[in-house]
Engineer: 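Can you keep this structure in mind? I'll have questions shortly.
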Amino acid sequence: MGSLVYAAIGSLDGYVADATGSFEWAAPDEEVHAFVNDLERGIGTHLYGRRMYAVMEVWESMDVANEPAVMVDYAATWRAADKVVYSRELTAVTTARTRLEREFDPEAVRRMKDEAERDLSVGGPHLAGQALAAGLVDELHYFATPIVVGGGNPWLPAGLSLGLELVDQRRFAGGVVHLHYRVREH
């Protein structure tokens, strides 16, 4: 049985993108990137909404030959995982090991978790919000970047009430703080 993990890099005030839609300020340095790579190594399947998939699909064809080792490592890890994209608008997916689903079905995700040999991740705050509301998320990882953006796309949905247990925390040299929580019984 696998766990469903939601990880996000965001601002100190809780946004994964600012009011203009930019998230360039959240680009991880090599130390944070290496840590994220280690987290991602345990993921067998990524669940994405349309917008997060559009952000992530560049890892499929990106030429990383002349990039830092952390990027080469991440690309290989991402390419090796399965992906499920939830979208009513997309007509096809462009990456390997990827299937398209029209609706997010919590019971289907429960079955995926029950049958999984490795963990699953949910990417993007909107899809994660649905998974959190359905009681499917087991762990949260938040990488708080030392910036306050004042508004934008929040990493957690409004109105969510959730009991959490702090499992681990880590401060990185560049000021990013990683917080790892386990969701208490749903």
Side-chain angles (χ1 to χ4, degrees), residues 2-18 21-49 51-85 94-98 113 116-128 131-132 137-149 152-156 164-183:
S3 292
L4 183 59
V5 178
Y6 173 40
I9 299 175
S11 63
L12 185 59
D13 54 342
Y15 296 96
V16 295
D18 62 26
S22 175
F23 53 88
E24 291 173 7
W25 44 264
D29 64 18
E30 284 199 28
E31 182 187 21
V32 173
H33 210 310
F35 188 86
V36 168
N37 290 357
D38 289 341
L39 286 177
E40 293 286 315
R41 243 180 281 294
I43 302 298
T45 304
H46 297 283
L47 310 179
Y48 294 127
R51 285 181 287 220
M52 182 56 90
Y53 177 66
V55 170
M56 299 303 293
E57 69 183 330
V58 301
W59 289 101
E60 180 78 12
S61 58
M62 180 188 299
D63 180 9
V64 293
N66 296 318
E67 298 294 336
V70 292
M71 290 181 70
V72 174
D73 184 29
Y74 186 83
T77 301
W78 191 85
R79 291 170 186 169
D82 293 327
K83 295 108 180 134
V84 180
V85 180
T94 60
T95 55
R97 303 180 64 119
T98 306
K113 286 176 58 174
E117 294 179 14
R118 297 175 65 201
D119 289 342
L120 299 91
S121 75
V122 58
H126 300 290
L127 188 63
L132 285 159
V137 176
D138 302 293
E139 296 182 26
L140 293 97
H141 292 268
Y142 190 65
F143 293 84
T145 303
I147 187 171
V148 173
V149 298
N153 194 3
W155 89 289
L156 294 172
L164 302 173
E165 172 191 352
L166 182 64
V167 175
D168 194 21
Q169 58 194 358
R170 179 173 173 180
R171 182 183 183 279
F172 295 92
V176 170
V177 176
H178 168 247
L179 301 169
H180 175 192
Y181 293 98
R182 183 173 299 121
V183 177

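For clarity, every value in this text was computed on a predicted model and none was experimentally measured.
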Engineer: What residues form a salt bridge (charged side-chain N to carboxylate O under 4.0 Å, His left out) with D82, not counting sequence neighbours?
Structural biologist: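 Expected list: R97.
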Engineer: Can you list the residues that meet the side chain to side chain donor-acceptor pair (under 3.5 Å) rule with T98, with sequence neighbours excluded?
Structural biologist: T95
Engineer: Is the number of heavy atoms from other residues, nucleotides or ligands within 6.0 Å of CZ (F23) greater than 12?
Structural biologist: no
Engineer: Counting N and O atoms only, with roles assigned by atom type, does the side chain of N153 sit under 3.5 Å from a partner on the main chain of G21, one being a donor and the other an acceptor?
Structural biologist: no
Engineer: Taking the side chain from D73 and the backbone from A34, do they hold a donor-acceptor pair closer than 3.5 Å?
Structural biologist: no
Engineer: Sequence neighbours excluded, which residues qualify as ring-ring contact (aromatic ring centres under 6.0 Å, His included) partners of Y15?
Structural biologist: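 So Y15 forms no ring-ring contact (aromatic ring centres under 6.0 Å, His included) with any residue.
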Engineer: Is there a side chain to side chain contact (heavy atoms under 4.5 Å, CB included) between I147 and S11 once you walk through the steps?
Structural biologist: CA-CA 5 Å; I147 187 171; S11 63; 4.1 Å; yes
Engineer: Using every non-hydrogen atom in the two residues, find where P146 and G174 come nearest and quote the distance to one decimal.
Structural biologist: CG-O, 3.8 Å
Engineer: What heavy-atom pair brings S121 and H46 nearest, and what distance separates the two atoms?
Structural biologist: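 Smallest heavy-atom distance, with atoms named: OG-ND1, 2.7 Å.
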Engineer: Under the ring-ring contact (aromatic ring centres under 6.0 Å, His included) test, which residues partner F172, sequence neighbours left out?
Structural biologist: F35
Engineer: Could I get the full list of ring-ring contact (aromatic ring centres under 6.0 Å, His included) partners for H33, not counting sequence neighbours?
Structural biologist: Y74
Engineer: Over all heavy atoms of both residues, which pair between E30 and P68 is shortest? Give the atoms and the distance, please.
Structural biologist: OE2-CB, 3.7 Å
Engineer: Show me the donor-acceptor pairs, under 3.5 Å and distance only, between side chains in residues 56-67 and residues at least two apart or in other chains.
Structural biologist:
from	atom 1	to	atom 2	distance (Å)
E57	OE1	T94	OG1	2.5
E60	OE2	A96	N	3.3
D63	OD1	A65	N	3.2

Engineer: Roughly how far, to the nearest 0.5 Å, is the OH atom of Y142 from the CD1 atom of I9?
Structural biologist: 9.5 Å
Engineer: Restricting to non-hydrogen atoms, name the atom on L12 and the atom on A144 that form the minimum distance, rounded to 0.1 Å.
Structural biologist: CD1-CB, 4.3 Å
Engineer: Ignoring hydrogens and angles, tell me if any N or O in the side chain of R118 forms a donor-acceptor pair with the backbone of I43 under 3.5 Å.
Structural biologist: yes
Engineer: Can you tell me if D18 uses its side chain to pair, donor with acceptor, with the backbone of G152 under 3.5 Å?
Structural biologist: no
Engineer: Picking from V36, T77, D119, what satisfies side-chain contact (heavy atoms from CB on, under 4.5 Å) with R41?
Structural biologist: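 Only one of V36, T77, D119 forms a side-chain contact (heavy atoms from CB on, under 4.5 Å) with R41, namely T77.
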Engineer: Please work out which of the three classes, parallel, tilted or perpendicular, describes the rings of H178 and H180, given edges at 30° and 60°.
Structural biologist: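 Geometry flag for H178 against H180: tilted rings.
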Engineer: With rounding to the nearest 0.5 Å, note down the distance linking NZ in K83 to CG in L47.
Structural biologist: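 One gets 12.0 Å once the value is rounded to the nearest 0.5 Å.
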Engineer: Does CZ in R79 sit with more than 12 non-hydrogen atoms of other residues, nucleotides or ligands closer than 6.0 Å?
Structural biologist: yes
Engineer: Check Y6 against V122 and note the closest heavy-atom contact, atom names and distance.
Structural biologist: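 Heavy atoms of Y6 and V122 come nearest at CD1-O, 3.3 Å.
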Engineer: What verdict does the side chain to side chain contact (heavy atoms under 4.5 Å, CB included) test give for L127 and M52, after you've listed the backbone C-alpha separation in whole Å, the side-chain angles of each residue and the deciding distance to 0.1 Å?
Structural biologist: CA-CA 9 Å; L127 188 63; M52 182 56 90; over 6 Å; no
Engineer: A8 and W155: which non-hydrogen atoms are nearest, and at how many Å?
Structural biologist: CB-CE3, 3.8 Å
Engineer: Would you give the length of the straight line joining atom CZ of R182 to atom CG of D138, rounded to the nearest 0.5 angstrom?
Structural biologist: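 Going from CZ on R182 over to CG on D138, the span is 9.5 Å.
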